[in-house]
Amino acid sequence: MKRGITFGTFDIFHYGHLRILERTRELCDWLAVGISSDELNFSKKGRNPYYSFEERARIVGALKCVDEVFKEESLERKAEYIKRFHADILVMGDDWTGKFDWVIPLTRCEVVYLPRTPVVSTTAIIERIRG
Ligand code: C2G
């Protein structure tokens with residue numbers, strides 16, 4: 001059985017989020033998803049997520065293609081999370097290309113970056129509704 005792991009904020013859940021999770025699950029038989037803590041999101045994006053960690057984790061955890069959700073507290077703890085879940089493959093969108101290759105020698109986990117779904121993003125949704 002191949003075990004997968006991926007990470008994200010998944011704020012204001014949209015089609016691009018669904019597609020990365022579905023495509024990730026096609027590459028493995030079991031999938032754990034690390035959901036950014038509210039504090040990690042603030043440090044990455046300079047704003048609080050619209051939905052709280054608990055709400056984002058409930059939404060992602062309810063999906064058919066997701067087997068387990070957990071809290072991602074820091075980008076630097078990826079190797080620890082990979083070991084905790086015995087992940088064989090880490091998948092991220094290609095906005096992160098190369099950024100997590102450092103886990104390979106530490107974990108022997110395969111790392112794959114998939115193309116982002118064009119056009120849709122949480123930021124674009126917020127701007128469109130605001131404007
Ligand atoms: N994504 C995508 N297509 C989009 C938007 C997002 O494929 N149109 C992917 C991203 O590439 C990422 C995942 O969906 O793999 C989650 O995106 P975000 O919620 O923006 O997560 P991010 O803030 O990039 O957090 O440890 C890594 C970080 O926690 C990732």
Side-chain angles (χ1 to χ4, degrees):
M1 187 174 86
K2 194 164 173 177
R3 298 167 67 90
I5 194 166
T6 188
F7 297 86
T9 309
F10 303 104
D11 192 24
I12 312 183
F13 194 86
H14 60 64
Y15 185 68
H17 294 145
L18 180 64
R19 286 297 300 141
I20 192 107
L21 294 171
E22 285 180 343
R23 287 180 293 157
T24 300
R25 188 61 167 71
E26 281 165 19
L27 301 175
C28 57
D29 308 297
W30 183 91
L31 177 60
V33 182
I35 312 284
S36 304
S37 66
D38 296 331
E39 298 73 21
L40 173 57
N41 189 255
F42 192 85
S43 74
K44 277 190 303 190
K45 302 194 176 168
R47 62 170 154 81
N48 284 316
Y50 183 78
Y51 289 117
S52 68
F53 167 79
E54 284 74 20
E55 291 165 330
R56 292 180 285 114
R58 282 284 298 277
I59 291 167
V60 173
L63 298 171
K64 225 171 17 183
C65 54
V66 173
D67 297 288
E68 185 155 341
V69 290
F70 64 97
K71 189 183 280 190
E72 181 189 28
E73 311 262 15
S74 156
L75 298 183
E76 281 85 54
R77 285 170 66 179
K78 287 236 162 23
E80 178 190 324
Y81 300 130
I82 288 167
K83 286 179 192 162
R84 185 194 301 170
F85 292 101
H86 305 284
D88 304 296
I89 181 169
L90 163 64
V91 179
M92 292 299 301
D94 63 1
D95 45 326
W96 291 97
T97 297
K99 295 267 165 48
F100 301 123
D101 289 355
W102 59 268
V103 304
I104 301 168
L106 297 177
T107 62
R108 279 174 291 166
C109 183
E110 184 187 348
V111 180
V112 173
Y113 304 94
L114 296 178
R116 273 170 72 95
T117 300
V119 186
V120 60
S121 77
T122 299
T123 307
I125 292 168
I126 292 171
E127 310 257 292
R128 200 154 58 180
I129 292 172
R130 199 180 262 156

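The first residue in the sequence is number 1, and the count goes up from there. Both counts, for ligands and for their atoms, begin at 1 and track the order of listing.
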Looking at side-chain heavy atoms only, is the closest gap between [X] and [Y] below 4.5 Å?
| X | Y | value |
| --- | --- | --- |
| Ile35 | Glu55 | no |
| Phe53 | Glu39 | no |
| Ile59 | Phe10 | no |
| Leu75 | Trp96 | yes |
| Thr6 | Met92 | yes |

Inset, instruction - Provide, to 0.1 Å, the distance between atom 18 (P) of ligand 1 and the closest protein heavy atom, together with that atom's residue and name. - result: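 Of every protein heavy atom, Thr9 N, 3.8 Å lies nearest to atom 18 (P) of ligand 1.
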Legend entry - Distance from atom 7 (O) of ligand 1 to nearest protein heavy atom, with residue and atom: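 The closest one turns out to be Arg116 CA, 3.5 Å.
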Which atoms of ligand 1 sit under 4.0 Å from any heavy atom of [X]?
| X | answer |
| --- | --- |
| Val120 | 4 (C), 8 (N) |
| Lys78 | 26 (O), 27 (C) |
| Ser36 | 29 (O) |

Are any of the N/O atoms in [X] less than 3.5 Å from those in ligand 1?
| X | value |
| --- | --- |
| Pro115 | no |
| Asn41 | no |
| Asp11 | no |
| Trp96 | yes |
| Phe10 | yes |
| Asp94 | no |
| Ser121 | no |

Inset, instruction - Answer side chain, backbone, both or neither: which part of Ile20 comes under 4.0 Å from ligand 1, heavy atoms only. - result: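 For Ile20, only side-chain atoms sit under 4.0 Å from ligand 1.
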Inset, instruction - Indicate, as side chain, backbone, both or neither, the part of Asp95 found under 4.0 angstrom from ligand 1 when only non-hydrogen atoms are considered. - result: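 Near ligand 1, Asp95 shows its side chain, while the N, CA, C and O stay back.
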Inset, instruction - Compare Ser37, Gly93, Pro118, Pro49 and give the one whose heavy atom is closest to atom 12 (C) of ligand 1. - result: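 Looking at heavy atoms only, the winner is Gly93.
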Inset, instruction - Kindly identify the option in Glu76, Lys99, His14, Lys44 whose heavy atom sits closest to atom 25 (O) of ligand 1. - result: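 Result: the heavy atom closest to atom 25 (O) of ligand 1 is in Lys44.
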Inset, instruction - Indicate yes or no: does Lys2 engage Asp88 in a salt bridge with an N to O separation below 4.0 Å. - result: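 Salt bridge between Lys2 and Asp88, a charged N being under 4.0 Å from a carboxylate O: no.
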Legend entry - Test: Glu22 and Arg19 ion pair at under 4.0 Å: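 A salt bridge links Glu22 with Arg19.
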Inset, instruction - Would you check whether Arg19 reaches within less than 4.0 Å of ligand 1, judged by its heavy atoms? - result: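 It does not, in that no heavy atom of Arg19 comes within the 4.0 Å cut-off of ligand 1.
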Inset, instruction - Using the side-chain hydrogen bond (donor to acceptor under 3.5 Å, both in side chains) rule, pick out the option among Lys45, Lys71, Lys44, Glu73 that qualifies with Ser36. - result: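 Going through the options one by one, the only one that passes is Lys44.
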Legend entry - Parallel, tilted or perpendicular, as decided by the 30° and 60° cut-offs, for the rings of Phe13 and His17: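 If you compare the ring of His17 with that of Phe13, the planes turn out tilted.
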Inset, instruction - Please find out if less than 6.0 Å separates the ring center of Phe100 from that of Phe7. - result: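 Ring centroids of Phe100 and Phe7 are no less than 6.0 Å from each other.
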